[in-house]
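Quick note: residue numbers are just sequence positions, from 1. Just follow the structure's listing: the first ligand is 1, and inside any ligand the first atom is 1.
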Amino acid sequence: MKIGIVGATGEVGRMMIKVLEEYKIPIDTLKLFASKKSTKRTLTFKGKEVQVEELTEDSVKEKYDFLLFSVAAQISKIFAPIAAKSGNVVIDNSSAFRMDKDIPLVVPQINGNLVKNYKGIIANPNCSTIQMVLSLYKVHEKFGIEEIFISTYQAVSGAGHKAVIELQNQLDGNNETKVFPKQIAHNVIPLIGDLKNDNFSEEEYKIINETKKILNDVTIKIYPTAVRVPVFYGHSEAIVVKTSRPFIDISKIKKAMEESQDVIVTEDILTPIDAAGTDFVFVSRLRKIDNNRFSFWNVADNIRVGAATNAVKILMYMVGLS
Ligand SMILES: NC(=O)c1ccc[n+]([C@@H]2O[C@H](COP(=O)([O-])OP(=O)(O)OC[C@H]3O[C@@H](n4cnc5c(N)ncnc54)[C@H](OP(=O)(O)O)[C@@H]3O)[C@@H](O)[C@H]2O)c1
């Protein structure tokens, strides 16, 4: 296969290279694209150095089996349609196309059927949303989810490579803030993205809207609070769910979650450090509130489960490798 990665030098792009290699995707040609300033760089794939090229319109007009995009939404909005118009399949990690009604928003374990024989742009959901819907899609199938209250504890890597550097610099004593609205080292920031009119943030709206689209149910009520924490890798979520049908015994919820692909339910206390580097969503501290409500702690690697691995698993699903 011929694969192109757009945004190859970023947090998600570099992880895509690693995940493609780990999953042994049969690639003959790998092309890597980033901004002009990165064209002197090389990145390693299967032990070989691959030169980074400047992203141009011509680079995405070439024919690929897949183009994996992990750049800012405004860059995706320019280049992904050009790539798709040239007959390419684009799997885009940005928020640019997620809520477009004609574009599938895909977590392959849940709604991979949407991309069978599909050509064009496919959207990868937001990282916090992916790990939450993976833990909950079977619960929704069996008991019907009415309401979700979620508080997130999101790693700085979710805001890109510059954010990782900012936390490290602040831990080293340089308190300059460029990426985040407040100091993040030794702190937590209860705002991710801009605030909208009604005081919900952009990130909170992504969780609300994308969850409804992926679970194909606009009636679910979702109340998120998205918080940035001084963790490098791994998003955590404290979630309370109300079901429409009583589950009575919490073991029924545990069983539904265990039937969900790539979800591990454990009695251990799981932290972002435990989840980082893996492709699983870990559910711990699962507990019953009443016959229709339960609560749990949900942790996953945001760069892998929430971005790179999801994109590669969409590709694998489409070529019949999963
Ligand atoms: N991080 C996450 O957990 C996560 C999860 C889900 C979705 N996403 C989304 O994925 C996308 C990438 O995120 P990231 O965390 O990987 O960001 P990042 O670390 O900041 O990387 C951004 C990438 O975009 C490239 N880029 C910047 N300007 C460009 C230009 N003009 N032309 C071509 N390439 C350009 C950068 O190349 P240079 O190195 O040359 O600047 C770099 O490769 C974003 O839309 C983000 O919202 C991220």
Side-chain angles (χ1 to χ4, degrees), residues 4-19 31-43 50-60 67-80 82-83 90-98 105-107 121-133 152-168 178-180 192-194 202-203 205-207 210 226 228-229 231-237 272 275-277 299-314:
I5 300 182
V6 174
T9 53
E11 284 291 321
V12 176
R14 281 182 288 126
M15 187 58 80
M16 281 172 165
I17 299 171
K18 192 163 184 257
V19 173
K31 302 265 266 175
L32 304 178
F33 301 102
S35 76
K36 195 171 182 181
K37 78 169 161 53
S38 294
T39 51
K40 289 196 176 67
R41 287 183 68 176
T42 58
L43 296 165
V50 182
Q51 187 71 44
V52 177
E53 298 174 48
E54 183 184 359
L55 176 67
T56 63
E57 289 197 9
D58 284 343
S59 33
V60 297
L67 273 166
L68 307 182
F69 271 55
S70 65
V71 284
Q74 64 268 28
I75 300 173
S76 283
K77 276 184 188 159
I78 297 169
F79 290 94
I82 297 170
V90 174
I91 302 174
D92 182 55
N93 266 270
S94 80
S95 58
F97 307 102
R98 289 177 188 154
L105 181 65
V106 178
V107 179
I121 301 171
I122 298 162
N124 221 47
N126 164 272
C127 41
S128 308
T129 306
I130 293 178
Q131 70 180 73
M132 182 177 86
V133 292
T152 70
Y153 304 69
Q154 296 183 220
V156 293
S157 55
H161 189 61
K162 287 189 181 126
V164 173
I165 304 290
E166 181 154 308
L167 173 57
Q168 189 58 60
K178 280 192 191 154
V179 177
F180 296 116
I192 302 184
D194 292 336
E202 262 175 325
E203 182 79 359
Y205 269 116
K206 288 177 188 170
I207 297 172
E210 294 178 24
R228 189 74 68 189
V229 296
V231 164
F232 284 105
Y233 294 98
H235 286 356
S236 307
E237 302 175 331
V299 188
D301 185 319
N302 53 302
I303 304 286
R304 295 184 66 106
V305 175
T309 303
N310 196 70
V312 172
K313 286 195 170 180
I314 292 173

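The distance from the CZ atom of F180 to the CD1 atom of I192 is 8.0 Å, given to the nearest 0.5 Å. Atoms CD1 and OG, on I165 and S157 in that order, are 12.0 Å from each other to the nearest 0.5 Å.
A heavy-atom distance below 4.5 Å is found between the side chains of Y233 and V164.
In this structure, the side chain of E210 does not engage the main chain of R98 through any donor-acceptor pair within 3.5 Å.
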Atom pairs and distances, ligand 1 N/O vs protein N/O under 3.5 Å:
| residue | atom | partner | partner atom | Å |
| --- | --- | --- | --- | --- |
| ligand 1 | 1 (N) | S157 | O | 2.9 |
| ligand 1 | 3 (O) | N302 | ND2 | 3.2 |
| ligand 1 | 16 (O) | E11 | N | 3.2 |
| ligand 1 | 16 (O) | V12 | N | 2.9 |
| ligand 1 | 19 (O) | E11 | N | 2.9 |
| ligand 1 | 19 (O) | H161 | N | 2.8 |
| ligand 1 | 34 (N) | S35 | N | 3.3 |
| ligand 1 | 37 (O) | T9 | OG1 | 3.1 |
| ligand 1 | 39 (O) | T9 | OG1 | 2.5 |
| ligand 1 | 39 (O) | S38 | OG | 3.2 |
| ligand 1 | 40 (O) | S35 | N | 3.1 |
| ligand 1 | 40 (O) | S35 | OG | 2.6 |
| ligand 1 | 40 (O) | S38 | OG | 2.5 |
| ligand 1 | 41 (O) | K37 | NZ | 2.9 |
| ligand 1 | 43 (O) | G7 | O | 3.1 |
| ligand 1 | 43 (O) | T9 | N | 3.3 |
| ligand 1 | 43 (O) | T9 | OG1 | 2.7 |
| ligand 1 | 43 (O) | G10 | N | 3.0 |
| ligand 1 | 45 (O) | V71 | O | 2.7 |

Inset, instruction - Test K31 against E53 for salt bridge (Lys or Arg N to Asp or Glu O under 4.0 Å), laying out the working first. - result: CA-CA 8 Å; K31 302 265 266 175; E53 298 174 48; 3.5 Å; yes

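Judged by distance alone, the side chains of N302 and Q154 never bring a donor and an acceptor atom under 3.5 Å apart.
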